[in-house]
*Asks:* 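Dumping the structure here so I can ask a few things about it.
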There are 2 protein chains.
Amino acid sequence: MRCCLDTHLPGLRPGADIMDPLCPSRVVFQRIGDKWASLVVQVLADGPVRFSELRKHVHVITPKVLTQTLRTLERDGLIIRTVFAQVPPRVDYQLTGLGESLLGPLAILRDWAESNVPSILDARDAYDDARAGALPEG
Amino acid sequence: MRCCLDTHLPGLRPGADIMDPLCPSRVVFQRIGDKWASLVVQVLADGPVRFSELRKHVHVITPKVLTQTLRTLERDGLIIRTVFAQVPPRVDYQLTGLGESLLGPLAILRDWAESNVPSILDARDAYDDARAGALPEG
DNA sequence: GCCAACGGTATCCTATAGATACTATGAAGT
DNA sequence: ACTTCATAGTATCTATAGGATACCGTTGGC
């Protein structure tokens, strides 16, 4: 579980373990784990999407949070923001090559999620039932 | 991007799109994307680990948040909590079969992260430089 | 002149995460 | 007997992030 590479970034320790908070891989890993970012990336899989379309597809994200998410993804080089000089304004968001390279791993994760939803929901039921039964009686 | 299956859970809509907030897959997907959960799962890859060892390996997680994370993972059937009647107390956490099945997808994601850290950090530098240059001058 | 479409901001409130201190148990040491 | 130690958490408070809602600026069409 060692990290990765020969970066030189101030404040980040390249040789660290991924469990180290200053390990660059961990920083990236937690970005992928962002609540909205991975959903947005998947919506962009088929090509450029406008801001308002993103709002419709990623329910229910508020415009503030969507803007924050998009700015972060842009800063990380995963998407490109294109402004068209029109009225009403038009802004397209699309994946970069780097962003596209993330689609495969995300699809694997999504497949896992969809395959295992029944098991997880069953486990939750069992857990909650056990708790609900234990507390009132005890 | 359709969801998955024939669940019957109250409040969850099985036929929904993964972008639907009530889609079970999305619920699971966001659980995977939890800030700490995926790190904890990876620490448990090699076998049972005690609470205090987890605290050491997953820096820097507070005991409260670690407890919350472990309870959630247990509820979802990804880990098992075993209490030994000892003093001082001993509690082991280990992956279930379901939890182990998540290791592969997580490893793919981690590989992606480690491979692409340089690109992402470069993109951040470029983005920040452009902003830092634009604002004071403009 | 007025309204609508779009891509956001501004403001406020709440929920989550984080820091820190504290608890219970009992065996071992002196 | 008393103190100390280790473990696995809880309790309490504060800081930060997320979320709900309202609003802004542009300008083409009516």
Side-chain angles (χ1 to χ4, degrees), chain A residues 19-22 26-27 29-40 43-44 48-76 79-94 127 131 134-135 138, chain B residues 19-22 26-27 29-40 43-44 48-76 79-94 127 131 134-135 138:
Chain A
M19 295 301 159
D20 189 304
L22 295 181
R26 174 157 160 186
V27 173
F29 200 81
Q30 297 202 340
R31 172 60 32 78
I32 297 168
D34 179 87
K35 178 171 181 181
W36 298 107
S38 51
L39 293 176
V40 168
V43 171
L44 298 180
V49 181
R50 302 177 66 166
F51 186 87
S52 53
E53 292 299 311
L54 276 169
R55 278 191 73 182
K56 289 176 201 160
H57 283 296
V58 185
H59 346 267
V60 181
I61 190 170
T62 62
K64 187 186 81 169
V65 174
L66 179 55
T67 299
Q68 288 172 354
T69 302
L70 291 168
R71 291 288 181 278
T72 304
L73 288 171
E74 188 191 2
R75 186 170 97 106
D76 285 354
I79 65 173
I80 292 175
R81 179 174 180 267
T82 308
V83 181
F84 297 88
Q86 300 178 358
V87 170
R90 171 178 175 174
V91 180
D92 274 5
Y93 293 91
Q94 62 184 310
Y127 185 93
R131 291 241 149 183
L135 291 180
Chain B
M19 295 301 160
D20 189 303
L22 294 181
R26 174 157 159 185
V27 174
F29 199 81
Q30 297 201 341
R31 172 59 32 77
I32 297 167
D34 179 86
K35 178 170 180 179
W36 297 107
S38 52
L39 292 176
V40 168
V43 170
L44 298 180
V49 181
R50 302 177 66 166
F51 186 88
S52 54
E53 292 299 311
L54 276 169
R55 278 191 73 183
K56 289 175 200 160
H57 283 296
V58 185
H59 346 269
V60 179
I61 189 171
T62 63
K64 186 185 81 168
V65 174
L66 179 56
T67 298
Q68 289 171 354
T69 302
L70 291 168
R71 292 288 181 278
T72 304
L73 288 172
E74 188 192 3
R75 187 170 96 106
D76 286 352
I79 65 173
I80 292 175
R81 177 173 180 268
T82 308
V83 181
F84 297 88
Q86 299 179 358
V87 170
R90 172 179 175 173
V91 180
D92 274 4
Y93 293 92
Q94 61 184 310
Y127 185 93
R131 292 240 148 183
L135 292 181

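Chain letters run A, B, ... following the sequence lines, proteins first, then strands; residues in each count from 1. Worth knowing before you read on, the calculation uses all heavy atoms, side chains too, and leaves out hydrogens, waters and symmetry mates.
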*Asks:* Are any of the side-chain heavy atoms of A:Leu70 and A:Arg81 separated by less than 4.5 Å?
*Replies:*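 Of all side-chain heavy-atom pairs linking A:Arg81 with A:Leu70, none is under 4.5 Å.
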*Asks:* Side-chain N or O of B:Ser52 versus OP1/OP2 of D:dA8: is the shortest distance under 4.0 Å?
*Replies:*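 B:Ser52 to D:dA8 OP1/OP2: side-chain N or O found under 4.0 Å.
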*Asks:* Think B:Trp36 has a side-chain N or O under 4.0 angstrom from the OP1 or OP2 of C:dT16?
*Replies:*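 Looking at the OP1 and OP2 atoms of C:dT16, neither is under 4.0 Å from any side-chain N or O of B:Trp36.
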*Asks:* Quick one: does A:Lys64 reach the base of D:dG19 with a side-chain donor-acceptor pair under 3.5 Å?
*Replies:*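 Result: at least one qualifying N/O pair found.
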*Asks:* Any heavy-atom pair between the side chains of B:Val40 and B:Asp34 that's under 4.5 Å?
*Replies:*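 No, every pair of side-chain atoms sits at 4.5 Å or beyond.
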*Asks:* Is any side-chain N or O of B:Lys35 closer than 4.0 Å to OP1 or OP2 of C:dG18?
*Replies:*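 B:Lys35 to C:dG18 OP1/OP2: side-chain N or O found under 4.0 Å.
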*Asks:* Round to the nearest Å and state the distance from B:Gln68 atom CD to C:dA19 atom P.
*Replies:*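 Nearest whole value for this atom pair: 13 Å.
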*Asks:* Under 4.0 Å, heavy atom to any atom of DNA chain D: which of residues 85-93 of chain B qualify?
*Replies:*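 Here the set is B:Pro88, B:Pro89, B:Arg90, B:Val91, B:Tyr93.
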*Asks:* How about B:Tyr127 and A:Arg71: do any of their side-chain heavy atoms sit closer than 4.5 Å?
*Replies:*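 Yes, close enough: below the 4.5 Å cut-off.
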*Asks:* In whole Å, I'd like the distance from the CG atom of A:Leu66 to the P atom of D:dG19.
*Replies:*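 Answer to the nearest Å: 12 Å.
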*Asks:* Can you find a pair of side-chain heavy atoms, one from A:Val58 and one from A:Leu66, that are under 4.5 Å apart?
*Replies:*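 When only atoms from C-beta onward are counted, A:Leu66 and A:Val58 do not touch, as no gap falls below 4.5 Å.
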*Asks:* Check the phosphate of C:dG8 against A:Arg71, side-chain N and O only, distance under 4.0 Å to OP1 or OP2. Yes or no?
*Replies:*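 Yes, such a contact exists.
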*Asks:* Got a minute to check which stems DNA chain C is part of, using Watson-Crick or G-U wobble pairs under 3.5 Å, three or more consecutive?
*Replies:*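 Expected stems, ordered by start: C:1-30 with D:1-30.
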*Asks:* Rounded off to whole Å, could you give me the CG-to-P distance for the B:Leu70 and D:dT7 pair?
*Replies:*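 Atom-to-atom, B:Leu70 to D:dT7, this comes out as 16 Å.
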